[in-house]
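Atoms considered below: every heavy atom in the structure, side chains included; atoms not considered: hydrogens, waters and symmetry mates. We're numbering straight along the sequence, starting at 1.
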Amino acid sequence: MMTDETFADAGSKVARLRRREGRAIFAVRKSIVTVHAPESSAANSPVKSSAPAGPARNVLLVHDEPDRGRKPALPDELAAVVTQRQYPRERLQSIFVLALVCLLGCASIPKRQYGVEKIEWVGVEQMDSEAIASCLATRERETVTLRLSLSSPECGNPPFDSSPPSLALWTFPWSDWPVYDPAIVEVDRERIQRWYEARGYYGSSIKQIRAYLGDQPVDSPECPEGNDCELRLVVQIEEGQPVIVERVKLAFDSPLSVELIDQLQSQIELEVGQRFDEAVYRADKDRLTSLLRNASYARAKIVGKVLIDRGLRSARVEYRVEPGLECVFGDVSVNEMEGIPTNLVIQAADITKGAPYSDDVLDDAQRAVFALGVFSSVKIVKHYAARGRVVDITILARLGRLVRPSAGFGVMSGILRRTTSDEPIYEPEWDLHLRFAYEHRNFLGGLRRLRIEERPRLIMLDDFPKVPSGGPVLGNLLSLSLEQPATFEARTVSFSENEWDFGPDAYYGFFRHNLALKLGLRRSFFIQRLQAQVAIQHDLYEIVDNMVPDTVSSYRLPFIEQLLRLDLRDDSRRPSSGLYAAITIHEALRLGGYGSWNYVRIIPDLRGYVPVFWGLVLAARFSIGALFVLDSADLDPTSKALGPQSYRLRGGGAYSNRGVYAGELGDGIDGGIRRWEGSLELRVPLGGDFGVTLFGDVGDVSRGTAIRFSHLNTAAGLGLRYYSIIGAIRLDAAWRIPGLQRAGVEQEPITIGVAPSAMHLTIGESF
């Protein structure tokens with residue numbers, strides 16, 4: 001019986017293709033073997049056939065080292081074809097603007113060669129032509145395409161039978177011209193055939209691949225001098241009918257627990273009655289292997305066998321489980337690095353000797369070691385005993401830069417994440433600032449991380465990018481932080497975060513000092529998905545301005561902060577699925593009469609992301625906040641009721657209800673003690689780095705003790721996104737909807753005409 005270790009070199013017959021001085025090489029590693037069963041040898045054949053003997057009746061698929069979606073290698077000559085094209089004279093004369101652009105660097109077709117302008121597909125009805133084209137060496141010229149998807153099709157990655165809507169817009173003059181090469185086209189013919197077989201279409205055939213110049217077929221590989229050399233390729237395919245899965249079997253070399261067998265069964269996605277696809281088959285094997293290795297079977301293997309009856313178009317699939325021994329972790333070691341205490345690295349990895357083996361534990365260890373911030377790369381190597389159950393571990397870490405001075409210039413807008421608070425603070429201001437920083441990632445040894453940052457600011461007391469009538473004012477932000485890993489136990493980090501902010505209050509404009517000190521412990525769990533933090537803080541808020549409203553006072557605020565955060569999103573920067581939940585709790589205490597308040601402040605936050613279709617994502621957020629003031633010192637009446645200026649509940653702005661500007665939601669910039677907010681977004685990717693968002697926001701901020709769910713303050717709008725390396729650059733325009741501001745109350749209509757109620761330009765997704 002053939003197993004996964006059997007393979008054939010299916011690409012040898014095309015390796016002989018040569019053209020001019022180049023070579024076209026096509027290699028297929030461990031692919032599909034077609035077994036011919038002649039009548040004379042049928043009795044001795046190890047492959048059992050369910051149909052009469054004949055040529056190519058049975059096919060045994062062999063998959064030991066799948067390509068995993070990698071694109072076929074291109075010949076060296078095709079790696080970079082950057083030449084200059086001779087444009088027809090009449091075009092250069094008729095399009096003056098294009099001529100100017102071309103002077104700056106138009107791409108052109110190499111002399112006496114053809115450039116591939118377009119590939120047309122005929123007969124592709126059940127599969128997606130873009131999925132096929134992504135696996136070919138011959139490409140059509142790149143165009144700017146509007147696509148409802150997060151990314152373009154990739155070779156070997158599903159889906160294969162559908163694609164999101166797309167619209168080709170234009171081609172830039174400097175876009176490279178793919179060169180037409182008949183030898184490479186013949187290689188691509190083999191690739192198309194192989195691609196269809198991988199999708200289960202064993203009766204498919206490539207009728208022809210013809211090149212056309214206009215309506216005339218191209219017979220010569222060389223373009224006559226002086227002619228238009230932009231051709232199109234027409235690929236004609238007869239797909240036929242696919243092979244359908246008739247049986248899926250899970251077999252075992254050794255006994256396993258009933259619970260584990262049930263879990264393995266649940267991992268198989270290849271179902272009876274569906275089209276056989278190698279990609280699904282390989283993914284099943286990967287999931288089965290991963291489950292076994294996380295269940296302590298470190299040497300587990302899945303040997304797959306697929307018997308194809310091409311006549312009956314049926315497939316019988318078997319996954320044979322070879323679990324091996326249940327393994328445990330052995331010794332853990334680290335490569336030596338001068339000045340780095342390896343014992344702290346081993347503690348951070350937190351791999352317990354004698355504990356059951358698990359790949360997830362190793363992933364968690366790798367993340368934890370990298371999170372120390374000292375290493376540029378971390379790799380974990382496993383060492384298996386000859387016949388034993390013990391798996392020894394070696395951590396190979398490459399040391400990064402320990403001392404990192406830096407300087408720069410930047411813009412901060414709308415939201416400020418202070419060093420001493422994980423909660424975003426929405427402020428109606430923006431600034432231009434210089435930034436000078438010094439960071440040492442092994443301060444005094446022990447992998448301590450010290451960071452000092454100085455940020456002189458030129459502050460605009462208005463929403464970005466408006467400049468207030470009084471002009472900018474000066475401010476300064478100085479922060480110092482220190483982290484110590486492995487405090488008390490392997491994964492607990494102790495930290496101190498301190499910040500001095502001198503400048504204008506964002507809401508009222510008076511100058512004040514805000515000195516915040518924080519000392520705490522932080523611990524991550526479950527592969528960094530869950531983070532818990534507890535800290536003691538002290539805020540000193542000292543007003544140094546004579547022009548002060550009667551709604552704020554200077555204060556001293558000692559308090560305890562607890563933070564619990566669960567992040568199950570697939571991507572924290574651009575999530576498309578998953579869940580995020582967090583809760584922040586403050587308890588302010590007047591100890592011996594010191595301090596300005598006794599209060600409790602609770603803010604839970606819940607976010608969810610659901611993929612819809614074509615890469616569209618439905619995102620939702622809901623948050624409630626409450627501040628319970630129990631007692632206060634001798635302060636102004638507003639401060640007594642609403643608490644400290646920096647921690648009052650406010651809403652509105654680019655990261656809250658976008659129908660109003662920051663701080664203006666509900667009862668206004670004085671803030672409140674009750675808040676609720678909800679947002680719903682439909683995020684529409686436009687291919688690559690662009691996207692559009694349709695959104696709706698509701699919520700309210702109240703100075704009373706009740707959460708006013710009847711105060712909807714509804715806003716809806718449209719946003720544009722550009723996903724850059726620094727985050728999502730977004731422009732949101734929101735309209736407040738008349739009649740949906742206070743439920744059950746007759747309201748005056750909001751007169752906004754065609755202009756939005758508020759516009760926001762900022763960096764970072766709304767949630």
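In this pair, F172 and W170 present their aromatic rings perpendicular. The plane angle is above 60°, beyond the 30 to 60° band. Between Y196 and Y201, the two ring planes are perpendicular [angle over 60°; tilted spans 30° to 60°].
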- Item | Test log, rule side chain to side chain contact (heavy atoms under 4.5 Å, CB included), inputs L362 and K382 | CA-CA 10 Å; L362 295 183; K382 297 172 285 188; 3.7 Å; yes
- Decide yes or no on side chain to side chain contact (heavy atoms under 4.5 Å, CB included) for D161 and R275, but give the supporting numbers first. CA-CA 11 Å; D161 54 1; R275 172 177 55 83; 4.0 Å; yes
- Verdict with supporting geometry, L432 and F409, side chain to side chain contact (heavy atoms under 4.5 Å, CB included): CA-CA 8 Å; L432 303 172; F409 168 81; 4.1 Å; yes
- Task: Take V617 and V610, measure what side chain to side chain contact (heavy atoms under 4.5 Å, CB included) needs, and give me the verdict at the end.
- Result: CA-CA 6 Å; V617 176; V610 179; over 6 Å; no
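A 4.5 Å side-chain heavy-atom check between T143 and L169 finds every atom pair outside the cut-off.
With respect to D732 and R721, a salt bridge is recorded, a charged nitrogen being found less than 4.0 Å from a carboxylate O. Of the charged side-chain nitrogens involved, at least one lies within less than 4.0 Å of a carboxylate oxygen, so that R194 and E278 count as a salt-bridged pair. Salt bridge status for K118 with E120: absent, with no side-chain N to carboxylate O gap under 4.0 Å. For the pair E269 and R287, the salt-bridge criterion is met [side-chain N within less than 4.0 Å of a carboxylate O].
Exactly one residue among D181, V179, V185 makes a side-chain contact (heavy atoms from CB on, under 4.5 Å) with T138. That residue is V185. The side-chain hydrogen bond (donor to acceptor under 3.5 Å, both in side chains) test with S204 singles out one residue from Q126, Q193, E238, E197, and that residue is Q193.
Here the CZ atom belonging to R282 is positioned 8.0 Å from the CG atom belonging to D277, to the nearest 0.5 angstrom. From Q208, atom CD reaches atom CD1 of I237 across 11.5 Å, with rounding to the nearest 0.5 Å. Put simply, CG on L396 and CZ on F375 are 11.0 Å apart, with the number rounded to the nearest 0.5 Å. Considering CG of L682 and CG of L718, their distance stands at 11.0 Å, rounded to 0.5 Å. Atom CZ of R112 sits about 9.0 Å away from atom SG of C229, to the nearest 0.5 Å. Put simply, CG on D188 and CD1 on I209 are 7.0 Å apart, with the number rounded to the nearest 0.5 Å.
A donor-acceptor contact shorter than 3.5 Å links the side chain of N335 to the backbone of A397. For the pair E681 (side chain) and T693 (backbone), a donor-acceptor distance under 3.5 Å is absent. Side chain of R210 to main chain of P217: no donor-acceptor pair is present (N/O by atom type, distance under 3.5 Å, no hydrogens or angles). A distance-only check finds a donor-acceptor pair linking the side chain of D570 to the backbone of S576 [under 3.5 Å]. For the pair R435 (side chain) and G410 (backbone), a donor-acceptor distance under 3.5 Å is absent. Within the 3.5 Å criterion, the main-chain N or O of G764 finds a donor-acceptor partner in the side chain of R730. The closest donor-acceptor contact from the side chain of S290 to the backbone of D286 lies at 3.5 Å or more, if one exists at all. At least one donor-acceptor pair under 3.5 Å links the side chain of R139 to the backbone N or O of S134. Under a 3.5 Å cut-off, the side chain of W430 and the backbone N or O of K466 do form a donor-acceptor pair. Side-chain atoms of R404 never come within 3.5 Å of backbone atoms of E439 as a donor-acceptor pair (strictly under, hydrogens ignored).
E765 and Y723 are linked by a side-chain donor-acceptor pair at a separation below 3.5 angstrom, with hydrogens and angles left out of the test. Using modelled atom types and a 3.5 Å distance limit, the side chains of E142 and T171 yield no donor-acceptor pair.
A cation-pi arrangement is present between R683 and F767, with the terminal nitrogen or guanidinium carbon under 6.0 Å from the aromatic centre and inside a 45° cone about the axis.
Scored by the side-chain contact (heavy atoms from CB on, under 4.5 Å) test, L288 finds L250, L264, Q267, I268, I302, Y319 as partners (sequence neighbours excluded). F436 pairs by the ring pair (Phe, Tyr, Trp, His ring centres under 6.0 Å) definition with nothing, not counting sequence neighbours.
Atom CZ of R398 has 12 or fewer neighbouring heavy atoms from other residues, nucleotides or ligands inside a 6.0 Å radius.
The list of ring pair (Phe, Tyr, Trp, His ring centres under 6.0 Å) pairs with a residue in residues 137-160, not counting sequence neighbours, reads F160-W195.
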